[in-house]
2 protein chains.
Amino acid sequence: MKVTNGETAQLGTIEKVVNHFSDNRPTKDCPVTDVLCRISDKWTMHAIISLGKAEKLRFTELKKKIEGISQRMLTVTLRTLEEDGFVTRTIYPQIPPRVEYALTPLGRSLVAQIMSLSNWASENMEEVFKARERFKLN
Amino acid sequence: MKVTNGETAQLGTIEKVVNHFSDNRPTKDCPVTDVLCRISDKWTMHAIISLGKAEKLRFTELKKKIEGISQRMLTVTLRTLEEDGFVTRTIYPQIPPRVEYALTPLGRSLVAQIMSLSNWASENMEEVFKARERFKLN
DNA sequence: CAGCATCCATGACGATACTG
DNA sequence: CAGTATCGTCATGGATGCTG
């Protein structure tokens, strides 16, 4: 890992990130980017948050909580979360069907991370919005 | 803010996130989601990280560091970062042109957040990959 | 109820060519 | 050098209809 000029490690802990981003290669070859990309689509965060506050939810309950999501996208989102080990999908074989979704321990630890990011965003959004205003005035 | 059932605040601090996600509305009306969406596209993280370790970079230097990015996307990405107040763009009126990009204080505080997420990802990616393997075997 | 299958619109992104 | 402009492609996601 090298920098263009001489200053290599002035930023301390930032280096840790840089290492995991393995010199800025796009998604493949970089597991960190891989994971981040999985949770940064249009609905995943909302699904995780909803499950985080409810412990356990049925498909239709989730659909109600995540305002605006289509049935298709809820299914897709939940399957991806299940695939990555963030949620469990429990099917009760009865008619009509009953399927319950819940966070895994891994999913819960992810919620904590999202919380942190979310708090940062809420603390700094004012400044971001001001910056956008300034930018509009060229 | 209301929950479907009776259990409202069992999760403590998670509520803080939930509040900022304002009952799970998509992007508009939710500043947190708004900000998160801005940094979670294909290239933004890479640009921020690169600037985070270099203090100051020219356009072409950035292009070299962010492997695979096109000229167009680098421009678009940097404009958005500038618009949101995460980077500064300094033009030196000379021929050939010289433009330098650097993180603002706001941008630096964002790097710290990305670091945290990145560290979480690197610590847990093993488990995610294992989960994917299990999922493949149905 | 909890999906799956299909079609379609939109926008993100890449490739290429041109310029002050 | 640091862009802008244009075009083509592809993935994301919405709408709709069908089903065990």
Side-chain angles (χ1 to χ4, degrees), chain A residues 4 24-28 33-34 36-47 50-51 54 56-84 87-102 135 138, chain B residues 4 24-28 33-34 36-47 50-51 54 56-84 87-102 135 138:
Chain A
T4 342
N24 298 317
R25 276 179 207 83
T27 319
K28 60 172 181 175
T33 307
D34 177 306
L36 294 185
C37 286
R38 296 288 276 234
I39 65 168
S40 64
D41 69 334
K42 190 172 178 184
W43 298 110
T44 300
M45 293 247 195
H46 295 284
S50 290
L51 287 169
K56 169 192 288 194
L57 287 171
R58 297 180 62 170
F59 187 86
T60 306
E61 290 171 341
L62 265 167
K63 189 156 166 16
K64 275 181 211 148
K65 281 173 178 286
I66 306 174
E67 193 174 334
I69 195 172
S70 66
Q71 202 170 36
R72 192 183 104 87
M73 287 318 295
L74 182 54
T75 303
V76 171
T77 302
L78 289 170
R79 282 303 131 75
T80 304
L81 285 170
E82 188 193 0
E83 184 180 349
D84 286 352
V87 312
T88 57
R89 179 167 173 262
T90 312
I91 307 172
Y92 297 89
Q94 57 190 42
I95 294 175
R98 173 188 188 83
V99 179
E100 284 179 351
Y101 294 89
F135 191 83
N138 288 18
Chain B
T4 339
N24 296 316
R25 274 180 209 81
T27 320
K28 60 173 180 175
T33 308
D34 176 307
L36 294 185
C37 286
R38 297 286 277 234
I39 65 168
S40 63
D41 70 332
K42 190 171 179 185
W43 298 111
T44 299
M45 293 249 195
H46 294 286
S50 290
L51 287 169
K56 168 194 290 196
L57 286 171
R58 297 181 63 170
F59 187 87
T60 308
E61 289 171 341
L62 265 166
K63 188 154 168 17
K64 275 181 211 149
K65 282 173 177 285
I66 307 174
E67 193 174 334
I69 195 171
S70 66
Q71 202 170 33
R72 194 183 102 88
M73 288 317 295
L74 182 54
T75 303
V76 171
T77 301
L78 288 170
R79 283 301 132 76
T80 305
L81 285 171
E82 188 193 358
E83 184 181 349
D84 286 353
V87 312
T88 57
R89 178 165 174 264
T90 310
I91 307 173
Y92 297 88
Q94 57 189 44
I95 294 174
R98 172 187 187 83
V99 179
E100 286 179 348
Y101 294 89
F135 191 84
N138 289 17

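Within every chain, numbering begins at 1; the chains are lettered A, B, ... in the order of the sequence lines, protein sequences first and strands thereafter. These figures come from a predicted structure and were not determined experimentally.
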Visitor: From CD1 of I95(B) over to C1' of dG3(D), roughly how many Å is that when rounded to an integer?
Guide: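 In whole Å, dG3(D) C1' and I95(B) CD1 are 14 Å from each other.
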Visitor: Side-chain N or O of R79(B) less than 4.0 angstrom from OP1 or OP2 on dA2(D)?
Guide: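 For R79(B), the contact criterion (side-chain N or O under 4.0 Å from OP1 or OP2 of dA2(D)) is not met.
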Visitor: OP1 or OP2 of dG14(D) less than 4.0 angstrom from a side-chain nitrogen or oxygen of K42(A), does that happen here?
Guide: yes
Visitor: Check for a donor-acceptor pair, side chain of T44(A) on one end and backbone N or O of S40(A) on the other, with a separation under 3.5 Å.
Guide: no
Visitor: Would you tell me if any nitrogen or oxygen in the side chain of R72(A) comes within less than 4.0 Å of OP1 or OP2 on dC4(C)?
Guide: no
Visitor: Measure from NZ on K63(B) to P on dC13(C) and round the result to the nearest Å.
Guide: 15 Å
Visitor: From the options L57(A), T75(A), L74(A), select the one residue that forms a side-chain contact (heavy atoms from CB on, under 4.5 Å) with K63(A).
Guide: L74(A)
Visitor: Please answer whether the main-chain N or O of V76(A) pairs with a side-chain N or O of T80(A) as donor and acceptor at a distance below 3.5 Å.
Guide: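 Checking the backbone N and O of V76(A) against the side chain of T80(A), a donor-acceptor pair under 3.5 Å is found.
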Visitor: For dG3(D), does either OP1 or OP2 sit under 4.0 Å from a side-chain N or O belonging to R89(B)?
Guide: yes
Visitor: Reckon Y101(B) has a side-chain N or O less than 4.0 Å from the OP1 or OP2 of dG3(D)?
Guide: yes
Visitor: Side-chain N or O of T60(A) less than 4.0 angstrom from OP1 or OP2 on dA2(C)?
Guide: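 Yes, T60(A) has a side-chain N/O under 4.0 Å of OP1/OP2 on dA2(C).
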Visitor: Side chains of K42(B) and M73(B), heavy atoms from C-beta outward: is any pair under 4.5 Å?
Guide: no
